[in-house]
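Shown next, in C-alpha coordinates, is the structure this report addresses.
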Amino acid sequence: MISKFFLSTTLISIWLSAIMTIVTLIGACSFWLKYSKILIKVTKLSRYPTISIIVPAHNEELIIAQTTKALLNLNYPNEKIELLLYADNCTDQTAQIMQRVIANSDSNNKPAHIKVIERTGNGGKAGVLNDALKIAHGEYLAIYDADAIPEKNALYFLVKKVLENPDKYVAVFGRNKTRNAAQNFLTRCINQEIVVTQRIQHCGIWHMFKIGRIPGTNFIIQRDFVKEIGGWRNGALTEDTDISFKIMQSGKLIALAYNSEAFQQEPERLRDYYFQRLRWAKGNYQVVIGNFIHLFDRSNWRVKLETFYYACTFFWFNAAIILSDLIFLSNVIAWLARLFNPAIQMPFTFGESNILITQLLLLNWLFMIILYLLQITTAMATQYGQATTSQIWLGLASYFTYSQLFIIVSVHAVISVTLDSLFHRNKTVWVKTRRFNN
(Lines give C-alpha, C1' and ligand atoms only; values in the text may rest on other atoms or scores of the structure.)
Protein backbone atom coordinates (compact mmCIF):
# COMPACT_ATOMS: atom_id res chain seq x y z
CA MET A 1 0.00 0.00 0.00
CA ILE A 2 2.79 2.45 0.93
CA SER A 3 4.72 1.68 -2.24
CA LYS A 4 1.60 2.30 -4.34
CA PHE A 5 1.03 5.63 -2.57
CA PHE A 6 4.59 6.82 -3.31
CA LEU A 7 4.33 5.57 -6.87
CA SER A 8 1.01 7.33 -7.53
CA THR A 9 2.18 10.55 -5.87
CA THR A 10 5.35 10.58 -7.95
CA LEU A 11 3.52 10.05 -11.24
CA ILE A 12 0.89 12.72 -10.47
CA SER A 13 3.59 15.20 -9.42
CA ILE A 14 5.55 14.68 -12.64
CA TRP A 15 2.39 15.13 -14.72
CA LEU A 16 1.56 18.36 -12.87
CA SER A 17 5.08 19.59 -13.53
CA ALA A 18 4.62 18.79 -17.22
CA ILE A 19 1.28 20.63 -17.30
CA MET A 20 2.86 23.76 -15.78
CA THR A 21 5.66 23.60 -18.34
CA ILE A 22 3.18 23.23 -21.22
CA VAL A 23 1.10 26.18 -20.00
CA THR A 24 4.21 28.37 -19.79
CA LEU A 25 5.33 27.22 -23.25
CA ILE A 26 1.92 28.08 -24.73
CA GLY A 27 2.12 31.54 -23.14
CA ALA A 28 5.60 32.09 -24.57
CA CYS A 29 4.53 31.00 -28.07
CA SER A 30 1.59 33.40 -27.89
CA PHE A 31 3.96 36.17 -26.78
CA TRP A 32 6.42 35.67 -29.62
CA LEU A 33 3.74 35.21 -32.27
CA LYS A 34 2.50 38.66 -31.26
CA TYR A 35 5.74 40.59 -30.77
CA SER A 36 7.96 38.98 -33.40
CA LYS A 37 5.90 40.80 -36.03
CA ILE A 38 6.54 44.23 -34.49
CA LEU A 39 9.36 46.30 -35.99
CA ILE A 40 11.26 47.95 -33.17
CA LYS A 41 12.36 51.55 -33.69
CA VAL A 42 14.42 53.78 -31.45
CA THR A 43 12.45 57.02 -31.32
CA LYS A 44 12.46 60.00 -28.98
CA LEU A 45 10.80 59.28 -25.63
CA SER A 46 8.06 61.46 -24.17
CA ARG A 47 10.44 62.26 -21.32
CA TYR A 48 13.78 61.10 -20.00
CA PRO A 49 13.68 60.45 -16.22
CA THR A 50 16.97 60.72 -14.35
CA ILE A 51 18.67 57.36 -13.85
CA SER A 52 21.22 56.39 -11.20
CA ILE A 53 23.21 53.46 -12.58
CA ILE A 54 24.70 51.31 -9.82
CA VAL A 55 27.43 48.75 -10.45
CA PRO A 56 28.55 46.57 -7.50
CA ALA A 57 31.96 45.05 -8.24
CA HIS A 58 34.07 42.80 -6.00
CA ASN A 59 37.54 41.99 -7.37
CA GLU A 60 36.45 42.31 -11.00
CA GLU A 61 39.64 43.68 -12.56
CA LEU A 62 39.47 41.26 -15.50
CA ILE A 63 36.09 42.42 -16.80
CA ILE A 64 35.18 45.78 -15.28
CA ALA A 65 36.80 47.83 -18.08
CA GLN A 66 34.42 46.46 -20.73
CA THR A 67 31.38 47.04 -18.53
CA THR A 68 32.44 50.59 -17.66
CA LYS A 69 33.02 51.47 -21.32
CA ALA A 70 29.59 50.12 -22.27
CA LEU A 71 27.89 52.17 -19.53
CA LEU A 72 29.67 55.32 -20.71
CA ASN A 73 28.27 54.82 -24.21
CA LEU A 74 24.58 54.14 -23.55
CA ASN A 75 22.01 55.71 -25.85
CA TYR A 76 20.56 57.98 -23.18
CA PRO A 77 21.04 61.70 -22.44
CA ASN A 78 24.25 62.09 -20.42
CA GLU A 79 22.79 64.85 -18.27
CA LYS A 80 20.12 62.39 -17.13
CA ILE A 81 22.57 59.73 -15.92
CA GLU A 82 24.33 59.40 -12.58
CA LEU A 83 26.91 56.60 -12.63
CA LEU A 84 27.87 55.04 -9.28
CA LEU A 85 30.67 52.48 -9.60
CA TYR A 86 31.37 50.51 -6.42
CA ALA A 87 34.63 48.66 -5.78
CA ASP A 88 33.28 46.58 -2.91
CA ASN A 89 35.98 45.34 -0.50
CA CYS A 90 38.36 44.89 -3.43
CA THR A 91 41.92 43.68 -3.04
CA ASP A 92 42.78 44.04 -6.74
CA GLN A 93 42.85 46.89 -9.28
CA THR A 94 39.06 47.17 -9.84
CA ALA A 95 38.77 50.80 -8.65
CA GLN A 96 41.90 51.94 -10.49
CA ILE A 97 40.68 50.39 -13.75
CA MET A 98 37.29 52.09 -13.37
CA GLN A 99 39.00 55.45 -12.89
CA ARG A 100 41.37 54.86 -15.80
CA VAL A 101 38.53 54.03 -18.23
CA ILE A 102 36.61 57.14 -17.14
CA ALA A 103 39.69 59.35 -17.49
CA ASN A 104 40.41 58.04 -21.00
CA SER A 105 36.82 58.44 -22.24
CA ASP A 106 35.53 61.34 -24.32
CA SER A 107 34.75 64.14 -21.84
CA ASN A 108 31.98 65.42 -24.12
CA ASN A 109 30.26 62.04 -24.34
CA LYS A 110 29.93 60.67 -20.83
CA PRO A 111 27.50 61.11 -17.91
CA ALA A 112 27.75 64.39 -16.06
CA HIS A 113 27.85 62.73 -12.64
CA ILE A 114 30.26 59.83 -12.12
CA LYS A 115 31.58 58.45 -8.85
CA VAL A 116 33.99 55.60 -8.19
CA ILE A 117 33.45 54.50 -4.60
CA GLU A 118 35.83 52.17 -2.76
CA ARG A 119 33.58 50.48 -0.22
CA THR A 120 34.61 48.53 2.85
CA GLY A 121 31.21 47.72 4.37
CA ASN A 122 29.41 44.39 4.68
CA GLY A 123 26.11 42.98 3.38
CA GLY A 124 27.34 41.82 -0.04
CA LYS A 125 25.60 43.11 -3.15
CA ALA A 126 22.51 44.11 -1.16
CA GLY A 127 24.75 46.17 1.15
CA VAL A 128 26.21 48.01 -1.85
CA LEU A 129 22.74 48.74 -3.23
CA ASN A 130 21.57 50.07 0.13
CA ASP A 131 24.61 52.34 0.39
CA ALA A 132 23.94 53.61 -3.13
CA LEU A 133 20.29 54.20 -2.28
CA LYS A 134 21.36 56.75 0.34
CA ILE A 135 23.26 58.94 -2.15
CA ALA A 136 21.49 58.27 -5.46
CA HIS A 137 19.55 61.18 -6.98
CA GLY A 138 17.88 59.46 -9.93
CA GLU A 139 14.15 58.91 -10.25
CA TYR A 140 15.02 55.32 -11.12
CA LEU A 141 17.89 53.07 -10.12
CA ALA A 142 19.46 50.93 -12.86
CA ILE A 143 21.38 47.88 -11.65
CA TYR A 144 24.14 46.21 -13.65
CA ASP A 145 26.46 43.48 -12.38
CA ALA A 146 30.16 43.93 -13.05
CA ASP A 147 30.14 41.25 -15.77
CA ALA A 148 26.98 42.51 -17.52
CA ILE A 149 27.75 44.55 -20.63
CA PRO A 150 24.58 46.39 -21.70
CA GLU A 151 23.76 46.77 -25.36
CA LYS A 152 23.77 50.43 -26.39
CA ASN A 153 19.96 50.76 -26.25
CA ALA A 154 19.42 48.55 -23.19
CA LEU A 155 18.61 51.42 -20.81
CA TYR A 156 16.51 53.18 -23.45
CA PHE A 157 14.20 50.16 -23.82
CA LEU A 158 13.88 49.75 -20.05
CA VAL A 159 12.79 53.37 -19.67
CA LYS A 160 10.51 53.16 -22.70
CA LYS A 161 8.66 50.27 -21.07
CA VAL A 162 8.30 51.93 -17.68
CA LEU A 163 6.83 55.05 -19.31
CA GLU A 164 3.94 52.97 -20.66
CA ASN A 165 2.49 52.81 -17.13
CA PRO A 166 4.76 54.54 -14.58
CA ASP A 167 2.19 54.30 -11.77
CA LYS A 168 1.86 50.51 -12.06
CA TYR A 169 5.33 49.53 -13.33
CA VAL A 170 7.70 50.22 -10.42
CA ALA A 171 10.39 48.05 -12.01
CA VAL A 172 11.29 46.87 -15.52
CA PHE A 173 13.73 44.12 -16.43
CA GLY A 174 15.39 43.11 -19.68
CA ARG A 175 17.14 40.00 -21.00
CA ASN A 176 20.65 38.75 -20.35
CA LYS A 177 22.69 36.80 -22.85
CA THR A 178 25.75 34.62 -22.35
CA ARG A 179 28.75 36.35 -23.89
CA ASN A 180 31.08 33.33 -23.46
CA ALA A 181 28.58 30.68 -24.61
CA ALA A 182 30.99 29.04 -27.06
CA GLN A 183 33.75 28.54 -24.49
CA ASN A 184 33.03 24.90 -23.55
CA PHE A 185 30.27 22.33 -22.98
CA LEU A 186 29.30 23.88 -19.63
CA THR A 187 28.86 27.41 -21.00
CA ARG A 188 26.87 26.08 -23.96
CA CYS A 189 24.49 24.34 -21.54
CA ILE A 190 24.24 27.46 -19.36
CA ASN A 191 23.42 29.47 -22.48
CA GLN A 192 20.56 27.11 -23.35
CA GLU A 193 19.24 27.32 -19.81
CA ILE A 194 19.31 31.13 -19.82
CA VAL A 195 17.65 31.37 -23.24
CA VAL A 196 14.85 29.04 -22.11
CA THR A 197 14.43 30.87 -18.81
CA GLN A 198 14.26 34.32 -20.38
CA ARG A 199 12.55 33.62 -23.69
CA ILE A 200 10.10 30.95 -22.52
CA GLN A 201 9.51 31.27 -18.78
CA HIS A 202 9.85 35.05 -18.35
CA CYS A 203 7.96 35.89 -21.55
CA GLY A 204 5.26 33.27 -20.99
CA ILE A 205 4.59 34.20 -17.35
CA TRP A 206 4.55 37.93 -18.12
CA HIS A 207 2.28 37.49 -21.13
CA MET A 208 -0.30 35.39 -19.27
CA PHE A 209 -0.20 36.69 -15.71
CA LYS A 210 1.75 39.98 -15.81
CA ILE A 211 4.23 38.51 -13.36
CA GLY A 212 7.83 39.66 -13.72
CA ARG A 213 10.98 38.43 -12.01
CA ILE A 214 13.91 40.75 -11.48
CA PRO A 215 16.96 38.87 -12.82
CA GLY A 216 19.64 40.61 -10.73
CA THR A 217 21.08 42.73 -13.54
CA ASN A 218 19.83 44.88 -16.43
CA PHE A 219 16.77 46.29 -14.66
CA ILE A 220 15.47 49.61 -13.35
CA ILE A 221 13.37 50.28 -10.26
CA GLN A 222 11.76 53.40 -8.77
CA ARG A 223 14.08 54.89 -6.15
CA ASP A 224 11.24 56.17 -3.96
CA PHE A 225 9.57 52.74 -3.96
CA VAL A 226 12.78 51.05 -2.81
CA LYS A 227 13.03 53.56 0.02
CA GLU A 228 9.41 52.93 1.01
CA ILE A 229 10.00 49.19 1.43
CA GLY A 230 13.20 49.74 3.40
CA GLY A 231 15.68 48.95 0.63
CA TRP A 232 17.29 45.59 -0.02
CA ARG A 233 17.63 42.98 2.72
CA ASN A 234 21.28 43.09 3.74
CA GLY A 235 23.07 39.80 3.19
CA ALA A 236 20.31 38.33 1.00
CA LEU A 237 21.81 35.60 -1.20
CA THR A 238 19.25 36.34 -3.93
CA GLU A 239 18.35 39.98 -3.40
CA ASP A 240 16.58 40.01 -6.79
CA THR A 241 14.02 37.32 -5.86
CA ASP A 242 13.57 38.86 -2.41
CA ILE A 243 12.66 42.31 -3.73
CA SER A 244 10.51 40.82 -6.52
CA PHE A 245 8.20 39.35 -3.88
CA LYS A 246 8.08 42.69 -2.05
CA ILE A 247 6.98 44.43 -5.24
CA MET A 248 4.24 41.88 -5.89
CA GLN A 249 3.04 42.15 -2.29
CA SER A 250 2.58 45.90 -2.82
CA GLY A 251 0.25 45.25 -5.77
CA LYS A 252 2.68 46.84 -8.25
CA LEU A 253 4.16 45.15 -11.33
CA ILE A 254 7.61 44.23 -12.64
CA ALA A 255 7.33 44.72 -16.40
CA LEU A 256 9.29 42.92 -19.12
CA ALA A 257 11.25 44.89 -21.74
CA TYR A 258 12.11 41.95 -23.97
CA ASN A 259 14.29 44.00 -26.35
CA SER A 260 16.61 45.35 -23.64
CA GLU A 261 19.74 43.18 -23.67
CA ALA A 262 22.91 42.80 -21.64
CA PHE A 263 25.72 40.30 -22.15
CA GLN A 264 27.05 38.57 -19.05
CA GLN A 265 29.91 36.17 -18.40
CA GLU A 266 28.96 32.75 -17.09
CA PRO A 267 31.13 30.31 -15.09
CA GLU A 268 33.52 28.26 -17.23
CA ARG A 269 34.50 25.78 -14.53
CA LEU A 270 32.19 23.25 -12.91
CA ARG A 271 33.21 24.25 -9.38
CA ASP A 272 32.39 27.94 -9.99
CA TYR A 273 29.07 26.99 -11.55
CA TYR A 274 28.17 24.65 -8.69
CA PHE A 275 28.76 27.14 -5.91
CA GLN A 276 27.09 29.97 -7.81
CA ARG A 277 23.93 27.89 -8.31
CA LEU A 278 24.12 26.60 -4.74
CA ARG A 279 24.03 30.22 -3.52
CA TRP A 280 21.08 30.96 -5.80
CA ALA A 281 19.22 27.84 -4.68
CA LYS A 282 19.79 28.62 -0.99
CA GLY A 283 18.61 32.18 -1.52
CA ASN A 284 15.48 31.02 -3.35
CA TYR A 285 14.72 28.47 -0.63
CA GLN A 286 15.01 31.20 1.98
CA VAL A 287 12.64 33.45 0.02
CA VAL A 288 10.11 30.63 -0.53
CA ILE A 289 10.15 29.68 3.15
CA GLY A 290 9.76 33.33 4.13
CA ASN A 291 6.81 33.83 1.77
CA PHE A 292 5.11 30.44 2.15
CA ILE A 293 2.59 31.89 4.59
CA HIS A 294 1.19 34.04 1.78
CA LEU A 295 -0.42 30.95 0.29
CA PHE A 296 -2.88 31.09 3.19
CA ASP A 297 -3.28 34.80 3.96
CA ARG A 298 -4.98 37.66 2.09
CA SER A 299 -2.04 38.44 -0.20
CA ASN A 300 -2.86 39.20 -3.85
CA TRP A 301 -3.17 36.34 -6.29
CA ARG A 302 0.14 37.03 -8.03
CA VAL A 303 2.04 36.54 -4.76
CA LYS A 304 0.16 33.29 -4.16
CA LEU A 305 0.79 32.02 -7.69
CA GLU A 306 4.49 32.88 -7.59
CA THR A 307 4.89 31.32 -4.14
CA PHE A 308 3.15 28.18 -5.37
CA TYR A 309 5.38 28.08 -8.47
CA TYR A 310 8.60 28.41 -6.45
CA ALA A 311 7.42 25.92 -3.82
CA CYS A 312 6.60 23.39 -6.53
CA THR A 313 9.85 23.94 -8.44
CA PHE A 314 12.23 23.86 -5.50
CA PHE A 315 10.44 21.44 -3.15
CA TRP A 316 7.61 19.33 -4.54
CA PHE A 317 8.77 18.56 -8.08
CA ASN A 318 12.39 18.06 -7.02
CA ALA A 319 11.25 15.54 -4.42
CA ALA A 320 9.11 13.80 -7.06
CA ILE A 321 12.06 13.51 -9.46
CA ILE A 322 14.30 12.09 -6.75
CA LEU A 323 11.57 9.65 -5.70
CA SER A 324 11.06 8.65 -9.33
CA ASP A 325 14.76 7.89 -9.69
CA LEU A 326 14.71 5.83 -6.49
CA ILE A 327 11.65 3.89 -7.70
CA PHE A 328 13.34 3.14 -11.01
CA LEU A 329 16.62 2.12 -9.33
CA SER A 330 14.82 -0.09 -6.81
CA ASN A 331 12.89 -1.89 -9.54
CA VAL A 332 16.01 -2.38 -11.65
CA ILE A 333 17.90 -3.88 -8.68
CA ALA A 334 14.93 -6.14 -7.86
CA TRP A 335 14.63 -7.22 -11.50
CA LEU A 336 18.33 -8.13 -11.63
CA ALA A 337 18.03 -10.00 -8.33
CA ARG A 338 15.07 -12.01 -9.69
CA LEU A 339 17.36 -13.46 -12.33
CA PHE A 340 19.03 -15.35 -9.48
CA ASN A 341 16.05 -15.69 -7.13
CA PRO A 342 12.59 -15.63 -8.81
CA ALA A 343 10.89 -15.34 -5.41
CA ILE A 344 12.00 -11.70 -4.98
CA GLN A 345 9.10 -9.26 -5.45
CA MET A 346 9.24 -5.98 -7.33
CA PRO A 347 9.00 -3.19 -4.68
CA PHE A 348 6.98 -0.72 -6.79
CA THR A 349 4.16 -2.10 -8.95
CA PHE A 350 0.44 -1.64 -9.41
CA GLY A 351 -0.14 -5.37 -9.44
CA GLU A 352 1.60 -8.67 -9.77
CA SER A 353 3.24 -7.58 -12.99
CA ASN A 354 5.64 -4.69 -13.35
CA ILE A 355 4.81 -4.14 -17.04
CA LEU A 356 2.36 -1.30 -16.36
CA ILE A 357 4.69 0.65 -14.09
CA THR A 358 7.56 0.15 -16.53
CA GLN A 359 5.44 1.51 -19.38
CA LEU A 360 4.22 4.48 -17.31
CA LEU A 361 7.71 5.46 -16.17
CA LEU A 362 9.12 5.04 -19.67
CA LEU A 363 6.31 7.17 -21.10
CA ASN A 364 6.93 9.82 -18.45
CA TRP A 365 10.65 10.01 -19.16
CA LEU A 366 10.20 10.11 -22.94
CA PHE A 367 7.56 12.83 -22.58
CA MET A 368 9.77 14.93 -20.28
CA ILE A 369 12.74 14.62 -22.66
CA ILE A 370 10.57 15.70 -25.62
CA LEU A 371 9.16 18.61 -23.60
CA TYR A 372 12.68 19.64 -22.54
CA LEU A 373 13.88 19.66 -26.16
CA LEU A 374 10.71 21.45 -27.30
CA GLN A 375 11.40 24.30 -24.87
CA ILE A 376 14.97 24.62 -26.14
CA THR A 377 14.07 24.57 -29.84
CA THR A 378 11.22 27.04 -29.32
CA ALA A 379 13.44 29.41 -27.35
CA MET A 380 16.24 29.17 -29.92
CA ALA A 381 13.76 29.79 -32.74
CA THR A 382 13.08 33.25 -31.30
CA GLN A 383 16.71 34.19 -32.01
CA TYR A 384 17.85 34.41 -35.61
CA GLY A 385 20.15 31.54 -36.60
CA GLN A 386 20.05 29.77 -33.21
CA ALA A 387 17.58 26.96 -33.96
CA THR A 388 20.05 24.40 -35.32
CA THR A 389 20.36 20.62 -35.13
CA SER A 390 23.51 21.05 -33.02
CA GLN A 391 21.40 22.79 -30.37
CA ILE A 392 19.03 19.79 -30.31
CA TRP A 393 21.91 17.37 -29.82
CA LEU A 394 23.36 19.64 -27.15
CA GLY A 395 19.96 19.76 -25.45
CA LEU A 396 19.74 15.97 -25.46
CA ALA A 397 23.22 15.66 -23.97
CA SER A 398 22.51 18.33 -21.36
CA TYR A 399 19.30 16.60 -20.24
CA PHE A 400 21.26 13.58 -19.01
CA THR A 401 24.19 15.59 -17.61
CA TYR A 402 23.85 19.31 -16.99
CA SER A 403 20.16 19.42 -16.01
CA GLN A 404 20.65 16.61 -13.48
CA LEU A 405 23.08 18.84 -11.57
CA PHE A 406 20.10 20.96 -10.54
CA ILE A 407 18.79 18.08 -8.44
CA ILE A 408 22.15 17.66 -6.69
CA VAL A 409 22.41 21.41 -6.08
CA SER A 410 18.84 21.53 -4.75
CA VAL A 411 19.41 18.69 -2.29
CA HIS A 412 22.65 20.30 -1.12
CA ALA A 413 20.85 23.64 -0.71
CA VAL A 414 18.04 22.11 1.38
CA ILE A 415 20.55 20.43 3.68
CA SER A 416 22.62 23.62 3.95
CA VAL A 417 19.62 25.86 4.70
CA THR A 418 18.41 23.39 7.33
CA LEU A 419 21.82 23.23 9.02
CA ASP A 420 22.15 27.03 8.87
CA SER A 421 18.90 27.33 10.82
CA LEU A 422 19.69 24.58 13.32
CA PHE A 423 23.20 25.72 14.14
CA HIS A 424 22.71 29.47 13.51
CA ARG A 425 25.43 29.53 10.89
CA ASN A 426 26.23 32.53 8.71
CA LYS A 427 23.77 32.25 5.84
CA THR A 428 25.33 34.94 3.62
CA VAL A 429 28.72 33.44 2.75
CA TRP A 430 29.30 32.68 -0.92
CA VAL A 431 32.21 31.65 -3.07
CA LYS A 432 33.52 34.26 -5.53
CA THR A 433 32.79 33.27 -9.13
CA ARG A 434 36.01 33.21 -11.10
CA ARG A 435 36.16 35.61 -14.05
CA PHE A 436 37.94 35.25 -17.38
CA ASN A 437 39.38 37.87 -19.71
CA ASN A 438 37.15 37.19 -22.74
Side-chain angles (χ1 to χ4, degrees), residues 27-28 31-32 34-35 38 40-55 70-71 74-77 80-84 129 132-133 136 138-145 148-177 194 197-199 201-229 231-232 238-264 302 306:
F31 176 91
W32 287 112
K34 177 181 179 180
Y35 288 99
I38 299 176
I40 303 300
K41 295 182 179 180
V42 178
T43 57
K44 186 177 180 179
L45 299 177
S46 58
R47 73 181 186 93
Y48 289 86
T50 53
I51 308 292
S52 294
I53 301 177
I54 305 169
V55 182
L71 292 170
L74 290 171
N75 179 26
Y76 202 81
K80 295 291 185 177
I81 292 180
E82 176 185 42
L83 183 55
L84 304 175
L129 297 179
L133 181 62
E139 182 180 347
Y140 290 89
L141 308 176
I143 315 300
Y144 285 96
D145 286 343
I149 300 177
E151 188 269 332
K152 186 175 182 180
N153 293 307
L155 182 60
Y156 165 87
F157 285 122
L158 293 174
V159 173
K160 183 178 181 180
K161 185 65 181 182
V162 84
L163 292 178
E164 291 180 8
N165 193 346
D167 293 330
K168 196 69 173 176
Y169 298 164
V170 298
V172 176
F173 69 102
R175 295 190 297 115
N176 301 306
K177 289 186 172 182
I194 289 176
T197 298
Q198 306 214 348
R199 294 206 149 217
Q201 294 180 8
H202 286 180
C203 292
I205 296 299
W206 169 252
H207 188 59
M208 291 185 295
F209 308 114
K210 292 296 179 285
I211 291 177
R213 298 165 182 162
I214 291 176
T217 187
N218 191 30
F219 73 93
I220 61 174
I221 186 169
Q222 284 182 10
R223 178 174 61 95
D224 289 343
F225 177 84
V226 178
K227 285 190 172 183
E228 287 175 11
I229 64 174
W232 282 267
T238 49
E239 76 295 325
D240 45 1
T241 307
D242 187 64
I243 203 167
S244 294
F245 271 91
K246 291 181 180 179
I247 292 172
M248 285 187 289
Q249 288 164 8
S250 72
K252 302 295 185 178
L253 297 180
I254 306 166
L256 169 65
Y258 69 93
N259 38 22
S260 172
E261 297 181 338
F263 299 83
Q264 62 187 20
R302 287 190 177 90
E306 191 74 337

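One-based numbering along the sequence shown.
- A 4.5 Å side-chain heavy-atom check between Val42 and Phe157 finds at least one atom pair inside the cut-off.
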- Message: Applying side chain to side chain contact (heavy atoms under 4.5 Å, CB included) to Leu253 and Arg302, what does each step give before you reach the verdict?
- Response: CA-CA 10 Å; Leu253 297 180; Arg302 287 190 177 90; 3.7 Å; yes
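- Put simply, the side chain of Val226 does not reach to within 4.5 Å of the side chain of Leu129, judged on heavy atoms.
- The shortest side-chain heavy-atom distance between Ile229 and Gln249 does not fall under the 4.5 Å cut-off.
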- How far apart are the C-alpha atoms of Asp242 and Trp232, what are their side-chain angles, what is the distance that settles it, and do they pass the side chain to side chain contact (heavy atoms under 4.5 Å, CB included) test? CA-CA 8 Å; Asp242 187 64; Trp232 282 267; over 6 Å; no
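- The closest donor-acceptor contact from the side chain of Glu164 to the backbone of Tyr169 lies at 3.5 Å or more, if one exists at all.
- With rounding to the nearest 0.5 Å, the separation of CZ in Phe263 from CD in Glu151 is 6.5 Å.
- Taking 4.5 Å as the limit, some side-chain heavy atom of Tyr156 sits within range of a side-chain heavy atom of Leu45.
- Inter-residue side-chain proximity for Val159 and Tyr48 is flagged as unmet; no heavy-atom pair is nearer than 4.5 Å.
- Summarising the geometry, atom CZ belonging to Phe219 is positioned 14.5 Å from atom CG belonging to Leu256; distances are rounded to the nearest 0.5 Å.
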- Item | Stepwise side chain to side chain contact (heavy atoms under 4.5 Å, CB included) test for Leu133 and Arg223 | CA-CA 7 Å; Leu133 181 62; Arg223 178 174 61 95; 3.9 Å; yes
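- The shortest non-hydrogen separation linking Thr50 to Gly138 is OG1-CA, 3.5 Å.
- Side chain of Lys168 to backbone of Gly251: a donor-acceptor contact under 3.5 angstrom is found.
- When all heavy atoms of Glu82 and Ser52 are compared, the pair lying nearest together is OE1-OG, 2.5 Å.
- Of all non-hydrogen atoms in Ser244 and Ile214, the two that sit nearest each other are OG-N, 3.1 Å.
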- Could you go step by step and tell me if Phe225 and Ile247 meet the side chain to side chain contact (heavy atoms under 4.5 Å, CB included) rule? CA-CA 9 Å; Phe225 177 84; Ile247 292 172; 3.5 Å; yes
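- Across all non-hydrogen atoms, the minimal contact from Ser260 to Leu158 is OG-CG, 3.4 Å.
- Classified by interplanar angle (parallel below 30°, tilted 30° to 60°, perpendicular above 60°), the ring pair Phe31/His207 is perpendicular.
- For Gly216 against Asp145, the heavy-atom pair with the smallest separation is O-OD1, 3.6 Å.
- Annotation: the span from Arg199 atom CZ to Gln201 atom CD amounts to 14.0 Å, rounded to 0.5 Å.
- Rounded to the nearest 0.5 angstrom, Tyr144 OH and Leu155 CG are separated by 5.5 Å.
- Around atom NZ of Lys227, more than 12 heavy atoms belonging to other residues, nucleotides or ligands sit under 6.0 Å away.
- To the nearest 0.5 Å, the span separating CG on Asn218 from CD on Gln264 amounts to 9.0 Å.
- With a 6.0 Å cutoff to the six-membered ring centre and a 45° limit on the axis angle, Lys34 does not count as a cation-pi contact of Trp32.
- What you find for Cys203 and Gln198 is that their closest heavy atoms are SG-O, 3.4 Å.
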- For salt bridge (charged side-chain N to carboxylate O under 4.0 Å, His left out), just list the numbers for Lys252 and Glu228, CA-CA rounded to whole Å, side-chain angles, deciding distance to a tenth of an Å, and then say yes or no. CA-CA 13 Å; Lys252 302 295 185 178; Glu228 287 175 11; over 6 Å; no
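- Counting heavy atoms from C-beta outward, Thr197 and His202 have side chains that approach closer than 4.5 Å.
- Side-chain contact check for Ile211 versus Trp206: every heavy-atom pair is 4.5 Å or farther apart.
- Looking at heavy atoms from C-beta onward, Leu71 lies in side-chain contact with Pro150 at the 4.5 angstrom threshold.
- Rounding to the nearest 0.5 angstrom, the gap separating the CD1 atom in Ile221 from the CZ atom in Phe173 is 12.5 Å.
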